[in-house]
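What you are looking at is a predicted structure, and each value in this text was computed from that prediction instead of being measured.
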4 protein chains.
Amino acid sequence: MTDSTRAGKRERLAGAAVRVLHEQGVEKTTLADIARAADIPVGNVYYYFKTKDQLVEAAIEAHGRQLDTMIGALEELPAPQDRLKALLGGWIDQRDLTARYGCPTGTLASELDKRDDGLDRAIATVMERLLDWAEGQFAAMGRADARELAVALIAAYQGISLLTNTFRDPGLMAMEGRRLERWIDSLA
Amino acid sequence: MTDSTRAGKRERLAGAAVRVLHEQGVEKTTLADIARAADIPVGNVYYYFKTKDQLVEAAIEAHGRQLDTMIGALEELPAPQDRLKALLGGWIDQRDLTARYGCPTGTLASELDKRDDGLDRAIATVMERLLDWAEGQFAAMGRADARELAVALIAAYQGISLLTNTFRDPGLMAMEGRRLERWIDSLA
Amino acid sequence: MTDSTRAGKRERLAGAAVRVLHEQGVEKTTLADIARAADIPVGNVYYYFKTKDQLVEAAIEAHGRQLDTMIGALEELPAPQDRLKALLGGWIDQRDLTARYGCPTGTLASELDKRDDGLDRAIATVMERLLDWAEGQFAAMGRADARELAVALIAAYQGISLLTNTFRDPGLMAMEGRRLERWIDSLA
Amino acid sequence: MTDSTRAGKRERLAGAAVRVLHEQGVEKTTLADIARAADIPVGNVYYYFKTKDQLVEAAIEAHGRQLDTMIGALEELPAPQDRLKALLGGWIDQRDLTARYGCPTGTLASELDKRDDGLDRAIATVMERLLDWAEGQFAAMGRADARELAVALIAAYQGISLLTNTFRDPGLMAMEGRRLERWIDSLA
DNA sequence: TATGAATGAGTATTCATTCAT
DNA sequence: AATGAATGAATACTCATTCAT
């Protein structure tokens, strides 16, 4: 059954938006771009989202849910340091995509912070959830400085994503990823 | 006294562009915005830059020169680890600006990578110079893994700039900055 | 109890249209506005009216019938000058609504005359009926210039409605209404 | 010399807007309509007016100035009742235009009152000036009820304009105009 | 060179009307 | 008939770029 139900189309639009916004950025992406990617007539988009901003917001939420799912899957692993390293592994696996378009969360955050609407807050909560989860892992490892470590880890990931993207070199992500793995091992 | 010579106007435009592009981002900034900031009539801009892209490129170069100057000033310090920590200190001092607008190099790199013109390469060379300089310092410290450490340092800075900006919290930069200082000390 | 028969829904739509068109004007009113006011799904409207124009036409007719009813009620009064003064009284009673939205007949006439469809003729017939009735009263008062007087009376009402609406001042209608009462008395 | 100066074009636009808005109404008139009437490319309109509303406002002001000029010319006449009758004469002379499009002031007032922006206030001040002037004339005739008479006169004009337009019958304006002349004479 | 003005391609958004179920 | 959804033709507005003087 194709996604032709109402809910299905909303999701299809949000999903297409996640993809296209990651690839092109918010400002360079037109509603028509997203509509085309979702194979939906432009006029129809407005049946689901009153404004472009609302669609972007939905995309942010959809992206946040993807991230939550990914994080949730890591909970299967028993040891917190293994969970963190699995996260790193995921990032490394995505290095080609990152080299092309950067980290979706980071590029969105960077771009949306230039705006005065509430979208910058929406992406901030996604980033926050990632940070909180990492903090939880470091805390489970018995670290009193869990928050600081979480900030360091996520910052390192965001930074290396930016460099990987800037130099279009997936190797950077691989190299820094391995370094971070060793760093995590050293903390246990 | 404002400079009204040809070269002077070009520089004034590029300088104004550096500032405005940092604050508003490339896509949200109009030529009129930059012209106004430089106090130059819009129509006149085209005698100095054939296209908006060329002006952005000049802004990137001007920003690169500012960075080179800053780095050059660090060479006064005798010990490489002191130079690196002075760099960190400068970043920490800028934390309020970073909380508002992010790192100028990073936000430009992030935004320009979404484009297919050559501007992404221009900003990459600026980032490269920063990376090379940091690598030089670590090498002077006798580290064989100087490149890897340089990547880690610059990534950490870019990442914490992004988080500082996303959460509009200068404290994040201060906290991570201190952590990086300790890290550098540990490498000596 | 709302009527869900075919004729009932048609009337409900036309009635809602009368109200909403009076408040918002024809051009600013969307089909969705009217459908919402009538509590009928938009898509369903087209089973009762092929086009928006037809719905507006039905609204004009419904408004005409309301006016006929109002006029019919005045026939109870034995003396024609009393009937005319009762009409005036009704207008004065409505002055708050008029201050907000103007005379429904007049505002419709004004707006529809800008259009080339037949709707301007539809509202003209409503106005005509009012004029004819007034003429009849003046004739019953024995006036040979009954048509002229009728035109003067209705014009005065339309004009004072416009001023009352323009200045949002119900007092204007009250003042002019009393003046017109004295005028009618002077004609007997 | 053609009106190719900056001020000239602004005026040309406002003037064209007065005409087109009178003929088509505000809502039915597109910016392109006005631009075409002024023989100016659409994009260029925005060099002179930031929004359609601002252009409409300029049109209202331009119309107000036309009215002021017309009224000013009446001041040549020594007797106030002659001034009022000259005003009536002017209205009667315009009866064909009125039959087609109504009174420009009245139709604008009627339409703009349906909106919540400030334009309804702008047209109200124009109407107010007309009212004040008429009041002044009746006062000069020694009438204590000058305001009431002014309201009655302007209302009569607005109302007969509406009827003239609704029935597309210039004869109505002529008939009522003559009646109003006699009425003015009766007040002296 | 300098400058205000002109141009036109593009973008978000609205809405009457139609379609599919 | 009923209804949510689909469609596409407008329309206001923006902005890089070019023109005229």
(request) Find the distance D:R115:CZ to F:dA12:P and express it as a whole number of Å. (result) 11 Å

(request) Could you state the atom-to-atom distance from CG of C:L13 to P of F:dA2 in whole Å? (result) 11 Å

(request) Specify the separation, in whole Å, of atom CZ of D:F49 and atom P of E:dA6. (result) 12 Å

(message) Can you measure B:I34 atom CD1 to F:dC15 atom P for me and round it to whole angstrom units?
(response) 12 Å

(message) So, taking the atom named CG in A:L31 and the one named CZ in A:R36, what distance separates them when rounded to the nearest 0.5 Å?
(response) 11.0 Å

(message) Rounding to an integer number of Å, can you tell me how far C:D39 CG sits from F:dT3 C1'?
(response) 13 Å

(request) Can you tell me the distance, in whole Å, between the CD1 atom of B:I40 and the P atom of E:dT1? (result) 13 Å

(request) Kindly give the heavy-atom pair with the smallest separation between C:A35 and C:V45, and that separation in Å. (result) CB-CG2, 3.9 Å

(message) Given B:E27, which partner from the list B:K52, B:R115, B:K114 fulfils the salt bridge (Lys or Arg N to Asp or Glu O under 4.0 Å) test?
(response) B:R115

(message) Whole angstroms only, please: what is the CZ-C1' distance between B:R10 and E:dT1?
(response) 16 Å

(message) As an exercise, state the distance from CG of B:L21 to CD1 of B:I34, rounded to the nearest 0.5 Å.
(response) 4.5 Å

(request) Using Watson-Crick or G-U wobble geometry with both distances below 3.5 Å, tell me the partner of E:dA20, or none. (result) F:dT3

(message) What's the separation between atom NZ in B:K50 and atom CG in B:L55, rounded to the nearest 0.5 Å?
(response) 14.0 Å

(request) Using a 4.0 Å cut-off on protein heavy atoms (strictly under), produce a 5'-to-3' string for nucleotides 16-21 of chain E with B for base contact, S for backbone-only sugar-phosphate contact, and - for none. (result) SBB---

(message) If you assign each of B:K28 and C:N44 to its closest nucleotide in DNA chain F, which residue comes earlier from the 5' end?
(response) C:N44

(message) So, taking the atom named CD1 in C:I60 and the one named OG1 in C:T125, what distance separates them when rounded to the nearest 0.5 Å?
(response) 8.0 Å

